[in-house]
Amino acid sequence: MLRYLKASDQEDDPMKKVPDVFHIGESAVQARADIPDTWLKQTESFVRTEMPQQHRDFFENLPMLFLALLDRTGRPWCVPAFGAPGFVVSPAPDRLELRGTPVLANELELERSTGASVGIVGIDLTNRRRNRMNGRVQDTSGGIMAIQVDQSFGNCPQYIQTRALSAAPDDPKRTSRRQANLRDPEVRRIIEASDTFFIASRAAGSLVGGSAGVDASHRGGRPGFLGVNDDGTLSFPDFSGNRFFNTLGNIESDGRVSLFIPDFETGCAVLLTGRAAIDWDSARVASFQGAERIVDVVPDEIWHATAALPVIASAPEPWPGLDSTGTWTDARLAALKTDGYRRFEIAAKRKESDNITSFYLKPADGGPIEPHVAGQFLPIRIRKGDDAILRSYTISQGPNGQDYRLSIKREPRGLASRILHDELDNGDIIEVGSPLGDFVLDDGTQPIVMLSGGVGITPMIAMLDAQVAAVQGGAPQREVYFIHATQNSATQAFTEELVALARQYDWLHLFIAYSAPLKGDKLGDTHDTEERLSMNVLAKLLPFGGFQFYLCGPEIFMRSLYSGLREIGVDRSHIHYEFFGAGDLGESEEITPTVVLPERANIRFARSGVQAEWTHQSGTLLETAEAAGLKPNYNCRSGKCGACATRLVSGAVHYQRRPVITPGKGEVLTCCAVPMGEEVQIDI
């Protein structure tokens with residue numbers, strides 16, 4: 001921002017005119033972003049020539065703030081200053097004093113002489129309050145840097161992660177630094193794990209007037225929002241903000257920036273200076289969820305610093321709005337997809353039982369796989385001639401960063417499963433979507449009871465795999481009761497894997513029920529009981545206490561156990577389940593509120609040119625389309641996979657039962673939607 005004159009200055013010389021609040025670079029970005037002039041005029045009152053009392057109190061109670069200072073070549077650097085609350089004092093509304101020397105200020109030879117420009121951003125990490133100030137160094141005698149305030153303005157709490165900041169030590173460990181590059185593993189780790197960084201920038205020119213165009217600012221996002229590119233540059237998204245565009249305006253004007261990227265767990269940090277540019281390309285911006293622009297930084301100089309800030313004690317509590325933002329991993333994976341799917345190769349097939357085979361899938365493009373949570377399923381697309389067959393199957397192993405394992409039962413009348421089992425082999429291609437589903441382990445400490453029947457074992461073995469990995473990584477042990485029902489040893493999958501794990505871990509209790517044992521099956525050896533799983537069996541097996549129950553299997557199996565658990569007083573919140581297809585065990589209060597639907601509706605299928613009449617007996621829009629002779633995409637028929645999503649051209653729809661996933665903007669899940677008006681048009 002440009003410095004503007006105080007009212008007292010104007011009184012001394014009535015011919016003096018207050019310049020615009022925003023300099024030419026900021027104005028250029030605002031114009032490119034289509035910010036209305038009326039809004040910009042209103043914002044001028046937000047910028048003051050003195051700090052209000054609440055800003056003065058705010059700064060005085062902070063243990064740390066961040067400064068933008070220039071080095072002797074005019075490059076900006078972002079460095080912290082910290083101490084016990086009170087190390088910052090505001091003796092007057094237009095003056096701020098810092099006791100002590102900002103971190104690395106001497107080593108980087110940062111300008112703090114009289115008249116030097118400085119930008120400051122202060123954040124209270126316990127409550128997301130944030131205020132900024134720009135000014136000029138007035139005096140540096142007696143170990144105090146006194147700053148004359150030119151501009152004072154507040155910022156909203158967006159994108160700030162709360163943390164409990166430990167008090168700065170009375171005798172802090174001396175900060176040290178070493179020159180580094182982006183190939184340095186520790187530097188890369190800090191950058192790619194960062195959910196917060198601070199940035200210093202400057203406008204072009206001599207900066208006459210001290211603070212003109214020098215700024216310190218904060219950026220926040222999900223871990224991974226700051227990315228390292230293959231060409232040695234860094235990129236970060238610019239999310240919706242206050243629309244002042246102080247940082248972007250400086251980049252537009254000059255381009256020289258500095259990033260301070262903290263590691264709040266160790267007190268280390270990465271500092272870099274370089275040149276930045278704004279990328280407005282709509283396709284690239286659209287690839288990063290929540291971004292309005294992309295900023296690319298070419299580093300000139302990179303340092304790894306130890307003891308660069310006080311160690312933060314608590315884990316972060318993310319800004320709630322981060323759920324609608326992305327990461328560079330998300331963006332790069334999305335770029336590898338066509339129509340939401342990506343080519344994977346069958347790396348291996350392994351027979352798990354007489355009717356279940358595991359398929360190990362790896363990316364055919366050699367890129368990374370999309371992460372999943374144990375228990376989720378994977379939409380796939382199989383090409384058969386001109387047809388595309390869509391299905392979803394549970395990922396039957398925990399995340400390993402290398403491949404997905406789908407363990408699929410061959411159904412005699414199942415088109416997709418027969419193709420997979422009988423026709424596809426190693427090296428063949430399957431198209432893969434993004435992992436989906438919320439049938440995942442809770443993060444509590446109660447014992448876990450996994451109840452599965454038949455191929456319902458697949459999410460359970462994945463959850464068990466993830467639980468083993470968590471324990472190996474140092475997580476507290478949770479008792480796990482893995483209870484599986486199947487016909488006999490011929491139909492049981494993962495036998496060797498389960499037995500080996502049960503022998504290795506005393507917290508894992510394995511119990512197998514056979515309903516039709518073979519002659520070679522031996523009670524007490526291959527299985528533990530020869531009856532169907534029931535509440536009577538569970539009562540004998542499980543000790544008294546609270547459990548988290550997970551159910552997956554045939555519908556009759558799940559309904560029986562769900563009802564039994566509810567009858568003995570198990571709260572619904574402790575019973576988690578997954579259907580392979582349409583179905584729900586929920587009780588009436590889980591139904592979405594009813595609405596008045598039309599008696600009849602005209603459904604237009606835009607792409608095919610077909611029209612159909614809908615009545616209450618027609619079912620969903622998917623069923624209406626099928627009755628009209630169309631063959632729309634679908635898979636789960638219960639709003640869990642998104643395969644049936646299509647564009648809602650016009651009209652409104654209602655979901656009689658809330659779908660598991662949220663349809664995209666302008667889309668409708670036809671498998672569980674009905675018309676809400678007398679005319680609905682969808683893109684089928």
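Starting from 1, each residue takes its place in the sequence as its number. Any value given below was found using the heavy atoms of this structure, including those in side chains, with hydrogens, waters and symmetry copies removed.
- Under a 4.0 Å N-O distance rule, the pair Asp124/Arg129 does not qualify as a salt bridge.
- Using a cut-off of 4.0 Å between Lys/Arg side-chain N and Asp/Glu carboxylate O, Asp300 and Arg75 are scored as not salt-bridged.
- Looking only at side-chain heavy atoms (C-beta outward), Leu125 and Pro63 stay at 4.5 Å or farther from each other.
- Under a 3.5 Å cut-off, the side chain of Arg202 and the backbone N or O of Gly74 do form a donor-acceptor pair.
- Of all non-hydrogen atoms in Ala203 and His23, the two that sit nearest each other are CB-NE2, 3.8 Å.
- With hydrogens and angles ignored, the 3.5 Å screen pairs no side-chain donor or acceptor of Ser194 with any backbone N or O of Ile191.
- Within the 4.5 Å cutoff, side-chain heavy atoms of Arg32 are placed close to those of Trp280.
- Applying the side chain to side chain contact (heavy atoms under 4.5 Å, CB included) criterion to Asp465, with sequence neighbours excluded, gives Gln397.
- Within the 4.5 Å cutoff, the side chain of Gln161 has heavy atoms near those of the Trp319 side chain.
- With 3.5 Å as the limit, one finds a donor-acceptor pair spanning the side chains of Arg284 and Ser235.
- Taking the charged nitrogens against the carboxylate oxygens, Arg332 and Asp230 have no contact shorter than 4.0 Å, which rules out a salt bridge.
- Closest non-hydrogen pair, Ser90 versus Leu96, comes out as CB-CD1, 3.9 Å.
- With 3.5 Å as the limit, one finds a donor-acceptor pair spanning the side chains of Asn106 and Arg112.
- No donor-acceptor pair under 3.5 Å is formed between the side chain of Arg95 and the backbone N or O of Gln138.
- Within the model, atoms CG of Asp215 and CZ of Arg132 stand 4.0 Å from one another, a figure rounded to the nearest 0.5 Å.
- Across all their heavy atoms, Glu292 and Ser240 have their closest contact at OE2-CB, 3.4 Å.
- Each of Met51, Arg136, His55, Arg56 was checked for a side chain to side chain contact (heavy atoms under 4.5 Å, CB included) with Val149, and the lone residue meeting it is Met51.
- Side chains of Ile395 and Pro435 form a contact here, defined as non-hydrogen atoms less than 4.5 Å apart.
- A donor-acceptor pair is defined here as one N or O able to donate and one able to accept, closer than 3.5 Å; such a pair exists between the side chain of Gln376 and the backbone of Gly437.
- Here the side chain of Thr325 pairs a donor or acceptor atom with the backbone of Leu322 at under 3.5 angstrom.
- For the pair Glu111 and Leu69, the minimum side-chain heavy-atom distance is 4.5 Å or more.
- Summarising the geometry, atom CZ belonging to Phe260 is positioned 14.5 Å from atom CH2 belonging to Trp303; distances are rounded to the nearest 0.5 Å.
- Atom CD of Glu265 sits in a sparse spot, with 12 or fewer heavy atoms from other residues, nucleotides or ligands closer than 6.0 Å.
- The backbone N or O of Gly232 sits nowhere less than 3.5 Å from a side-chain atom of Asn229 that would complete a donor-acceptor pair.
- Interatomic distance, His218 NE2 to Arg128 CZ, rounded to the nearest 0.5 Å: 10.0 Å.
- Asn181 contributes a side-chain N or O that, together with a main-chain N or O of Asp184, makes up a donor-acceptor pair within less than 3.5 Å.
- Side-chain contact check for Arg178 and Ser176: no donor-acceptor pair (N or O, by modelled atom type) lies under 3.5 Å.
- Pairing each heavy atom of Ala269 with each of Ala308, the nearest pair is CB-CB, 3.8 Å.
- When atom types are taken as modelled, the side chain of Thr273 and the backbone of Trp77 share no donor-acceptor pair closer than 3.5 angstrom.
- Side-chain contact between Leu226 and Leu234 is present, with heavy atoms from C-beta onward closer than 4.5 Å.
- Shortest non-hydrogen contact noted between Phe439 and Met463 is O-CE, 3.2 Å.
- Ala291 pairs by the side chain to side chain contact (heavy atoms under 4.5 Å, CB included) definition with Pro237, Val285, Phe288, Ile294, not counting sequence neighbours.
- In this structure, the side chains of Arg275 and Arg256 come closer than 4.5 Å at one or more pairs of heavy atoms.
- Residue-environment remark: CZ (Arg343) stays at or below the threshold of 12 foreign heavy atoms within 6.0 Å.
- Looking at Ser152 and Arg48, their side chains never bring a donor and an acceptor atom within 3.5 Å of each other.
- Listed here is the closest heavy atom pair of Cys78 and Leu271: O-CD2, 3.9 Å.
- Ring-plane geometry between Phe236 and Phe197 is classed as perpendicular, the angle between the planes exceeding 60 degrees on a 0 to 90 degree scale with a lower cut at 30.
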Requested in this report: Decide yes or no on side chain to side chain donor-acceptor pair (under 3.5 Å) for Thr327 and Asp330, but give the supporting numbers first.
Outcome: CA-CA 5 Å; Thr327 68; Asp330 295 339; 3.2 Å; yes
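- Using a 4.5 Å heavy-atom threshold, the side chains of Ile278 and Asp238 count as separate.
- With sequence neighbours left out, the salt bridge (charged side-chain N to carboxylate O under 4.0 Å, His left out) criterion links Lys337 to Glu370.
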Requested in this report: I would like to know whether Tyr505 and Gln472 meet side chain to side chain donor-acceptor pair (under 3.5 Å); could you show each step before the answer?
Outcome: CA-CA 11 Å; Tyr505 299 103; Gln472 290 176 342; 2.8 Å; yes
